Amino acid sequence: MFHVKHAVNNFLTEVVNNMTDYISEEQIAMYLEHRKPDKKHYADVLSKAAEGKGLLIEETAVLLSPPDEETKHLLFNTAGKVKQQIYGTRIVLFAPLYLSNYCGNNCLYCGFRKDNKIIKRRKLNKEEALEEVKLLEKQGHKRLLLVTGEASGSGVEYLADLIGDIYALTDIRRVNINVAPLTVDEFRMVKEAGIGTYQLFQETYHQPSYKYYHPSGKKSDYQWRISAFDRAMEAGIDDIGMGVLFGLYNYKFEVLALCQHAEYLERKFGVGPHTVSVPRLKRAPGAEIQTTPWMVDDEELKIIVAVLRLALPYTGIILSTRESQQLRNELLGLGVSQISAGSSTSPGGYSSSGDNNVQFEVHDTRSLDEVVASLCKDGYIPSFCTACYRRHRTGEAFMSLAKVGDIKELCLPNALLTFKENLLDYASQETKKLGENLIGKELCLLKNEALVNELKSRFERMNRGERDLYF
Ligand code: SAM
Ligand code: SF4
């Protein structure tokens with residue numbers, strides 16, 4: 001009897017190990033131990049990275065450890081150039097919408113954790129949620145990210161129903177979600193409701209640390225979380241957003257493990273992540289821990305963004321309002337391509353009835369209009385484009401266009417059209433002036449005369465009241 005039990009246990013352990021054999025802690029440790037690069041080696045890897053075709057994991061490991069300040073600046077320059085080549089000056093904008101702060105988990109770092117008694121719990125009903133959506137719409141947002149805690153009976157029906165109503169009743173054009181891992185059937189439900197990206201952060205890929213930070217609740221199951229994208233892909237969602245909560249463990253380990261995870265998904269499903277997010281641990285009211293020995297400083301975050309830009313050149317990098325205005329501006333130049341703006345991390349936080357039950361502190365509290373104005377001043381084109389998703393250019397279809405550079409031909413005109421719409425409908429006088437100037441300059445830079453004429457004619461149609469024009 002003992003032998004049978006032992007054999008079954010061994011078998012189960014093997015199954016579990018095999019499920020994540022694409023994250024090899026030993027291999028990562030070896031790369032980080034043995035690849036302390038000299039300047040020559042570093043420069044060689046950097047010149048390969050400059051081609052914008054991505055990197056092997058061992059090359060990514062090299063770039064994470066610039067041997068001196070001068071080399072670090074070369075890394076930043078190279079990442080900036082690759083970003084410019086692939087994304088130009090477009091920056092996509094979105095807002096998170098927190099639906100509920102009920103949670104059955106106890107993530108030590110989070111203000112929504114079950115055992116936190118100092119926040120008031122709230123789940124928005126459909127009407128309240130739609131009221132929040134309308135407020136975001138009034139600011140000019142076209143893309144939303146719905147966020148919830150992980151309560152028992154997670155309410156996938158509620159979510160799917162709400163997504164349907166958002167599309168039907170408001171002018172929001174793309175709804176992404178960041179919710180706890182679902183089953184394949186549940187993923188099918190949200191796919192049918194029309195979600196854009198399914199976003200989920202692994203928090204930490206380091207299993208012992210994962211266990212420590214997630215002591216109880218469904219989320220304590222590392223396997224269930226890391227296999228969420230497999231189930232999402234199985235359900236037909238080919239647009240996924242990965243991420244790590246930086247500050248929980250060694251950031252170099254996390255970047256390499258995330259790249260291994262991305263590589264595994266690309267191998268298995270033919271498509272890697274559409275986006276990667278780079279949240280850093282922030283103070284959270286009532287969280288069990290406010291800081292760790294692994295906190296990532298600003299310079300390290302810059303290295304993370306620059307290296308990810310070079311390792312995964314066709315993957316969007318998302319930065320939230322967890323970071324300050326100044327650091328966000330710097331990170332835009334190193335690889336970030338999407339940012340949230342005018343955000344609240346509390347359910348009901350956009351309406352006057354919103355209280356202050358935040359998940360964590362935000363450090364960029366500017367309104368969307370202020371962010372748009374500041375992007376214009378720095379020469380970035382704010383984009384509210386949702387065309388790829390609506391034209392079904394997602395997953396493999398998107399990647400094949402992106403990798404040959406064709407997507408650029410569509411993105412810039414679409415960005416300009418959505419930006420013009422934003423200026424017409426939502427911008428303050430000052431932002432309008434800055435924006436119209438920027439659009440004028442961009443038209444002068446375009447070499448394709450037919451495209452310039454087409455854009456000008458569409459702008460005219462928009463001046464006469466037409467909306468939602470895209471290629
Ligand atoms: N509850 C779901 C989950 O945990 O996946 C989805 C939403 S959760 C509200 C979104 C993300 O917030 C988490 O994945 C985590 O990375 C991040 N987060 C939690 N506490 C944080 C903190 N103190 N600072 C920064 N980000 C935090
Ligand atoms: Fe719940 Fe997500 Fe916060 Fe963990 S991070 S306590 S799962 S809301």
Side-chain angles (χ1 to χ4, degrees), residues 94 96-119 121-124 144-152 154-156 159 176-182 186 190 195 197-205 209-222 224-229 231-232 240-249 251 254 258 275-292 294-296 301 318-324 340 343-347 349 357-364:
F94 73 97
L97 171 51
Y98 279 68
L99 298 173
S100 162
N101 59 9
Y102 282 97
C103 194
N105 294 317
N106 251 319
C107 312
L108 298 188
Y109 45 81
C110 181
F112 292 174
R113 68 193 303 263
K114 185 179 171 203
D115 291 349
N116 181 9
K117 303 288 181 235
I118 69 167
I119 61 163
R121 303 286 168 172
R122 181 167 183 199
K123 177 177 176 176
L124 303 184
L144 295 188
L145 173 70
L146 303 184
V147 186
T148 67
E150 183 170 13
S152 58
S154 62
V156 185
L159 200 58
N176 300 329
I177 59 171
N178 181 327
V179 301
L182 304 176
E186 289 171 333
V190 289
I195 61 155
T197 306
Y198 172 60
Q199 187 185 75
L200 185 74
F201 308 153
Q202 184 58 30
E203 319 297 14
T204 171
Y205 282 94
S209 303
Y210 188 93
K211 209 168 161 188
Y212 166 73
Y213 291 115
H214 306 104
S216 63
K218 183 90 176 144
K219 191 161 165 184
S220 59
D221 186 345
Y222 180 96
W224 178 247
R225 195 164 182 92
I226 203 166
S227 55
F229 293 135
R231 292 191 298 283
I240 55 135
M242 304 173 71
V244 159
L245 183 54
F246 286 103
L248 298 186
Y249 186 60
Y251 73 87
E254 304 287 18
L258 181 140
T275 57
V276 169
S277 297
V278 290
R280 268 197 303 188
L281 182 64
K282 296 288 164 186
R283 300 184 66 76
E288 187 77 8
I289 55 162
Q290 301 291 346
T291 178
T292 74
W294 300 106
M295 297 305 275
V296 163
L301 187 60
I318 300 184
L319 189 69
S320 73
T321 53
R322 287 173 181 86
E323 306 303 340
S324 68
S340 49
S343 307
S344 160
T345 67
S346 160
N357 294 312
V358 296
Q359 188 196 14
F360 49 79
E361 291 175 357
V362 300
H363 290 89
D364 184 348

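Fair warning: this is a prediction, and the values are worked out from it, not measured in the lab. Note: hydrogens, waters and symmetry copies are ignored here, and every other heavy atom, side chains too, is used. In each ligand, atom 1 is the first atom listed, and ligand 1 is the first ligand listed.
For ligand 2, the atoms closer than 4.0 angstrom to any heavy atom of Cys103 are 1 (Fe), 6 (S), 7 (S), 8 (S). Within ligand 1, counting atoms from 1 as listed, the ones closer than 4.0 Å to a heavy atom of Thr148 are 1 (N), 2 (C), 6 (C), 7 (C). Taking a cut-off of under 4.0 Å to the non-hydrogen atoms of Val147, the atoms of ligand 1 that pass are 7 (C), 9 (C). Interface atoms of ligand 2 facing Gly149, defined by a heavy-atom separation under 4.0 Å, are 8 (S). The atoms of ligand 2 that sit less than 4.0 Å from any heavy atom of Arg113 are 6 (S). Heavy-atom contacts of Lys219 reach the following atoms of ligand 2: 2 (Fe), 4 (Fe), 5 (S), 7 (S) (cutoff under 4.0 Å). With ligand atoms numbered from 1 in the order given, ligand 1 contributes 3 (C), 4 (O) to contacts under 4.0 Å with heavy atoms of Lys219.
Counting heavy atoms only, Lys282 comes closest to atom 23 (N) of ligand 1 of the residues Arg225, Gln202, Glu203, Lys282.
Judged by distance alone, the side chains of Glu150 and Asn105 do bring a donor and an acceptor atom under 3.5 Å apart. Between the side chains of Arg113 and Asn106, at least one donor N or O sits under 3.5 Å from an acceptor N or O.
Among protein heavy atoms, atom 19 (C) of ligand 1 sits closest to Gln359 NE2, 3.2 Å.
Within the 4.0 Å heavy-atom criterion, the part of Arg280 lying near ligand 1 is the backbone and not the side chain.
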